[in-house]
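Written below as structure tokens is the structure these notes are about.
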Amino acid sequence: MRTIFFLIFLTSIFSCDDFLCFKKKEKLLLDTIVDFSSVDSYPSFKTCDTIFKKQKKLDCFNATIHQKIENELLQHNFTVKDSIDEVVYVDVKISSNGIVSVDSIISSPKIKKQLPLLDSLLRVSVKKIPKLHPAIKRGVPVQTKHQLPLIIYVEAQEYF
């Protein structure tokens with residue numbers, strides 16, 4: 001009779017999911033799931049450090065990086081036969097150390113034909129961007145990628 005009660009007691013203990021030790025393990029498992037498609041804080045420049053809202057900080061980052069690339073490109077004079085008004089996509093990688101580098105440049109054949117040096121100028125422009133604060137995920141600096149759409153507008157010049 002004691003063995004029957006002992007067996008019933010053991011089966012009731014191991015069949016119950018409401019024990020505290022099982023719930024702790026379940027919470028631990030749920031806590032270790034990490035969403036790698038988002039970050040807690042986007043990369044930022046020193047000028048954006050005073051902004052605390054996530055979207056506004058991203059907007060500040062985008063505006064600042066566009067401005068830095070634009071300022072660098074405006075130092076060069078481009079001459080083309082046909083006017084250009086197109087978008088070039090520059091994929092940049094920001095390392096966990098805050099160093100910005102070009103991952104790829106996507107442009108049309110027209111731009112590649114009329115502005116063959118544009119890719120190298122964009123790479124140099126991005127290389128000149130100062131070190132910045134990297135993105136943060138769970139308190140750890142992480143590498144991120146961003147696609148920057150750049151509008152390239154160059155008017156054709158007529159020669160007499």
Worksheet entry | Atom pair CG/NZ of Leu122 and Lys127 - distance to nearest 0.5 Å | 13.5 Å
Worksheet item: When rounded to the nearest 0.5 angstrom, what distance separates OG in Ser95 from CG in Leu132?
Response: 8.5 Å
If you define the side chain from C-beta out and look only at heavy atoms, does anything of [X] sit under 4.5 Å from [Y]?
X	Y	result
Gln147	Ile106	yes
Lys137	Ser41	no
Gln114	Val80	yes
Val92	Asp103	no

Discussion item. Strictly by salt bridge (charged side-chain N to carboxylate O under 4.0 Å, His left out), give each pair with a member in residues 49-70 just once, sequence neighbours left out.
Written reply: none
Fill in: Within 6.0 Å of CG in Asp85, more than 12 heavy atoms from elsewhere
yes
Item to complete: Tell me yes or no: between the side chains of Asn71 and Gln67, is some donor less than 3.5 Å from an acceptor?
Response: yes
Discussion item. Just by distance, no angles: are the side chains of Glu155 and Ser83 close enough, under 3.5 Å, to form a donor-acceptor pair?
Written reply: no
Worksheet item: Hey, is Lys145 close enough to Asp91 for a salt bridge, meaning N to O under 4.0 Å?
Response: no
Worksheet item: According to the interplanar angle, ranging from 0 to 90°, do the rings of Phe45 and Phe61 count as parallel (below 30°), tilted (30 to 60°) or perpendicular (above 60°)?
Response: parallel
